[in-house]
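Keep in mind that what you see is a predicted model, and the values were worked out from it rather than measured. These values consider heavy atoms only, across backbone and side chains, with no hydrogens, waters or symmetry-generated copies. Residue numbers start from 1 in every chain, and the chains themselves are labelled A, B, ... in the order their sequence lines are given, proteins ahead of strands.
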Protein chains: 2
Amino acid sequence: MTDRDDESPPHALLENTPSALVLKVGVFLHLTAPEIEALDALDTREFGLAKGQDLAVEGDDIRSTYVVIEGWLGRYRMLEDGRRQIISFALPGDILNLDGALVTDYVYSVMALTDTVVCAVAAEAVIEVTQEHPRLGAAISWMGARERTLLAEQIVRVGRRSAYERVAHLILELLYRLHLVHEAEKRSYELPLTQEVLGDSLGLSLVHVNRTLRRLRKEGLVRLEGNSLSIDDVDRLAEIAEFDPAYLRHEHIPDAAEKAINDPT
Amino acid sequence: MTDRDDESPPHALLENTPSALVLKVGVFLHLTAPEIEALDALDTREFGLAKGQDLAVEGDDIRSTYVVIEGWLGRYRMLEDGRRQIISFALPGDILNLDGALVTDYVYSVMALTDTVVCAVAAEAVIEVTQEHPRLGAAISWMGARERTLLAEQIVRVGRRSAYERVAHLILELLYRLHLVHEAEKRSYELPLTQEVLGDSLGLSLVHVNRTLRRLRKEGLVRLEGNSLSIDDVDRLAEIAEFDPAYLRHEHIPDAAEKAINDPT
DNA sequence: GTCCCGCCTTGACCTGTGTTAAGGTATTGA
DNA sequence: TCAATACCTTAACACAGGTCAAGGCGGGAC
């Protein structure tokens with residue numbers, strides 16, 4: 001399928017599968033020993049999905065949280081006549097269905113957009129852990145907030161930007177997000193998405209995505225060979241897209257918040 | 001301005017201002033006495049905003065959470081050339097900036113779309129409370145999850161629905177949301193939004209919103225007199241919009257989750 | 001009263017993006 | 001070797017929705 005499997009770089013953050021959750025949460029918060037222990041004690045199950053397979057479909061009542069170990073997934077909604085809207089992408093290191101136990105059933109579906117490996121954790125167990133380790137609860141709220149920011153940005157992208165701006169903006173968002181998990185070079189990365197998938201994310205038709213990419217190529221802004229995307233002029237692209245990475249910079253809980261978490265009055 | 005002030009129904013859920021937060025959270029979770037006490041002990045400050053005033057603007061570093069007591073607000077983003085995208089509406093009873101302490105600064109602005117009254121709570125204090133009362137932390141995660149669902153729905157609306165469907169869909173979403181806080185009749189409610197605001201939410205131009213509303217009126221689906229919106233045929237409208245209220249039905253934390261919260265192993 | 005301003009309404013025209021259709025090039029598998 | 005499949009590419013045409021322009025109405029401010 002894609003050739004990610006062979007050549008993807010080692011997962012700096014995710015090498016030790018059983019503690020994927022620890023590693024992920026640890027990015028946000030300095031974990032204490034008991035916290036790490038509690039997370040490690042969670043029952044996890046790692047498994048793979050082939051490209052095109054659904055992790056969950058609308059209406060499912062699956063109470064699991066997933067950490068993406070490898071590959072890309074997409075949350076999407078199908079309309080009756082076949083239109084599809086991809087709501088968000090989940091990249092390696094992302095967490096899907098973070099508060100699975102809090103949501104009665106899937107309102108969306110989740111599909112593997114490439115061959116993927118995910119790690120499942122029982123969602124109820126996650127909640128229980130937060131009851132004994134409230135700092136972890138705060139970390140989860142924090143991740144949820146970050147996800148909301150991504151969704152808001154997607155709304156702006158799809159609602160008020162032109163096709164040209166949308167594509168440019170998404171390309172940059174992915175660059176920055178992949179950087180955070182060491183899956184991108186300075187200005188290039190593997191983009192394992194078909195133009196149809198891009199269109200369904202950006203609210204555009206396949207054909208128009210193609211036209212738009214052609215334009216970006218002609219203007220010397222990006223190069224795209226196979227799945228390899230490289231950006232020739234990041235600054236100009238950012239200007240076109242009015243892209244400000246501020247919304248992606250939240251790698252760690254702000255100090256003030258961590259202080260509040262650590263010294264409850 | 002709008003005439004909401006005079007005729008809006010009594011706020012069943014929100015009469016006692018100082019404990020707006022208690023009432024709000026209480027909708028999701030059966031609160032214990034100490035929890036209620038802790039929430040009530042939070043420093044709150046109630047104040048009003050005139051229509052058009054910003055509660056916060058992009059770049060602000062305001063560490064407050066707000067409960068909307070009365071009126072409508074909108075989170076939005078401006079693009080440099082004046083385009084505006086409204087990301088979400090906050091209705092009476094909604095909470096804005098729930099995890100304020102977790103976000104370094106506003107990436108969006110929030111504007112009062114009508115005259116409003118909000119109640120501010122120091123965001124750090126909210127986090128501190130969750131550290132001592134983890135069940136409240138779970139409630140917050142839960143509210144965050146619900147907000148994400150609304151955002152996802154907005155993405156589908158704007159990304160893949162036609163103008164006609166978008167307007168119909170939003171009208172129904174607002175009906176259901178207002179129902180939850182007793183601000184709507186069975187099939188009608190006060191819609192204090194200009195067509196420009198509707199357009200900025202739906203990713204449409206003012207003119208096209210007008211055209212679309214005209215069409216909905218002509219087809220006998222809705223009536224709109226002043227700010228009073230009434231839906232003549234809810235079922236047909238729902239069919240047109242492919243509207244399924246499932247995503248709004250989360251008034252209370254699911255049993256399984258509440259159980260997990262109450263009996264951590 | 002009357003001027004102004006915010007908002008709604010409508011028409012005419014334009015354009016960005018969708019649709020349809022056709023062909024190209026890898027890759028896979030029999 | 002040859003289909004079959006999945007994806008990309010391009011062109012021609014159609015249309016949903018944007019833009020521009022003009023006017024109407026109602027309520028405040030003076």
Quick one: which residue pairs count as a salt bridge (charged side-chain N to carboxylate O under 4.0 Å, His left out) with a foot in residues 234-243 of chain B, not counting sequence neighbours?
-> none
For Ser230(A), all residues meeting side chain to side chain donor-acceptor pair (under 3.5 Å), sequence neighbours excluded | none
Distance, rounded to the nearest Å, where Leu191(B) contributes CG and dC7(C) contributes P = 13 Å
Work out which heavy atom in Ser64(B) is nearest to a heavy atom in Asn97(B); give both atom names and the distance.
-> O-ND2, 2.6 Å
Which residues pass the side chain to side chain contact (heavy atoms under 4.5 Å, CB included) test with Ala152(B), sequence neighbours left out?
-> Arg75(A), Ile87(A), Tyr108(A)
Residues within residues 158-171 of chain A bordering DNA chain C, heavy-atom distance below 4.0 Å | Ser162(A), Ala163(A)
Residues at least two apart in sequence or cross-chain that pass side chain to side chain donor-acceptor pair (under 3.5 Å) with Asp233(B), listed by chain then number, are none
For Glu165(B), check salt bridge (charged side-chain N to carboxylate O under 4.0 Å, His left out) against everything at least two apart and list the hits.
-> Arg83(A)
Arg214(A) meets the side chain to side chain donor-acceptor pair (under 3.5 Å) criterion, sequence neighbours left out, with none
Residues in side chain to side chain donor-acceptor pair (under 3.5 Å) with Tyr164(A), at least two apart?
-> Glu219(A)
Just report the end-to-end axis angle for the helix from dG1(C)-dC30(D) to dA30(C)-dT1(D), five pairs per end, to 10 degrees.
-> 30°
Please report, rounded to the nearest Å, how far the C1' atom of dC7(C) is from the CG atom of Leu224(B).
-> 12 Å
Not counting sequence neighbours, list each pair that qualifies as a salt bridge (charged side-chain N to carboxylate O under 4.0 Å, His left out) and has a residue in residues 221-230 of chain A.
-> Arg223(A)-Asp232(A)
note: Glu225(B), atom CD; dG26(D), atom P; distance rounded to Å ~ 14 Å
Can you check the Asn227(A) CG to dA26(C) P distance for me, whole Å?
-> 15 Å
Gln195(A) side chain N/O closer than 4.0 Å to the phosphate oxygens (OP1, OP2) of dT9(D)?
-> yes
Salt bridge Arg84(B)-Asp200(B), side-chain N to carboxylate O under 4.0 Å | yes
Contacts satisfying salt bridge (charged side-chain N to carboxylate O under 4.0 Å, His left out) that involve residues 87-97 of chain A (not counting sequence neighbours) are Asp94(A)-Arg177(A)
Scan residues 199-217 of chain A against DNA chain D and write down, sorted by residue number, each residue with any heavy atom closer than 4.0 Å; if none is found, say none.
-> Leu206(A), Val207(A), Asn210(A), Arg211(A), Arg214(A), Arg217(A)
